[in-house]
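Each remark here refers to the structure printed beneath this line.
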Amino acid sequence: MISYDVIIRPVITERSMAGAADKKYVFEVAPSAGKVEIRKAVEEVFGVKVAKVNTMIVPGKAKRVGAGRPGRTKEWKKAIVQLTEDSKTIELFEGMV
């Protein structure tokens with residue numbers, strides 16, 4: 001799997017931006033990606049050292065579609081990546097805080 005296929009997008013929320021101060025970054029990743037693949041992809045794409053990776057499946061929410069018909073949002077996989085103390089930060093998140 002190519003690194004750019006593993007990392008889909010960064011998750012930009014108030015809570016994820018608070019973690020950026022501690023070098024914790026949140027990404028939406030491919031559902032089939034494992035922790036080792038996510039670690040290698042982040043290190044290759046952003047040029048940083050990863051200390052730890054936590055993953056979780058975010059379940060889809062029930063939503064109304066059209067005239068009250070039930071529907072669901074998609075289920076997706078989230079990865080919280082902790083960088084080492086001596087690693088540089090990810091510039092993508094710098095202007096967001």
| said: For the backbone of Glu85 and the side chain of Lys23, can you confirm whether one donor and one acceptor N or O come within less than 3.5 Å of each other? | reply: yes
| request: Using a cut-off of 6.0 Å, state whether more than 12 heavy atoms not belonging to Arg69 lie near its atom CZ. | output: no
| message | For Pro10 versus Phe27, what's the shortest heavy-atom pair and its separation? | response | CA-CD2, 3.8 Å
| query | Counting only N and O atoms by type, is there a donor-acceptor contact under 3.5 Å from the side chain of Thr73 to the main-chain atoms of Lys61? | reply | yes
| Minimum side-chain heavy-atom gap Val53-Ile80 below 4.5 Å | no
| said: Just so I know, are the side chains of Leu83 and Thr89 near enough to count as touching, which here means a heavy-atom distance under 4.5 Å? | reply: no
| message | Counting only heavy atoms from other residues, nucleotides and ligands, does the tally under 6.0 Å from NZ of Lys40 exceed 12? | response | no
| query | Residues in side-chain contact (heavy atoms from CB on, under 4.5 Å) with Ala51, at least two apart? | reply | Gln82, Thr84
| Joint cluster assignment, Tyr4 & Val81, ILVMFWY side-chain distance < 4.5 Å | yes
| note | Correct closest heavy-atom pair for Met17 and Val11 would be CE-O, 4.4 Å
| request: Determine whether Tyr25 and Val50 make a side-chain contact, defined as any pair of heavy atoms from C-beta on separated by less than 4.5 Å. | output: no
| task | Could you tell me which non-hydrogen atom of Ser3 sits nearest to which non-hydrogen atom of Ala41, and how far apart they are? | result | OG-CA, 3.7 Å
| query | Is a salt bridge present between Glu28 and Lys74, judged by a nitrogen-to-oxygen distance below 4.0 Å? | reply | yes
| task | Under the side-chain contact (heavy atoms from CB on, under 4.5 Å) rule, collect the residues that match up with Lys78, sequence neighbours excluded. | result | Val26, Met56, Val58, Trp76
| query | CD1 of Ile2: more than 12 outside heavy atoms within 6.0 angstrom? | reply | no
| note | Between Val29 and Ile38 the two heavy atoms that sit nearest each other are CG2-CD1, 3.8 Å
| Hey, does Glu44 have a side-chain heavy atom less than 4.5 Å from the side chain of Val42? | no
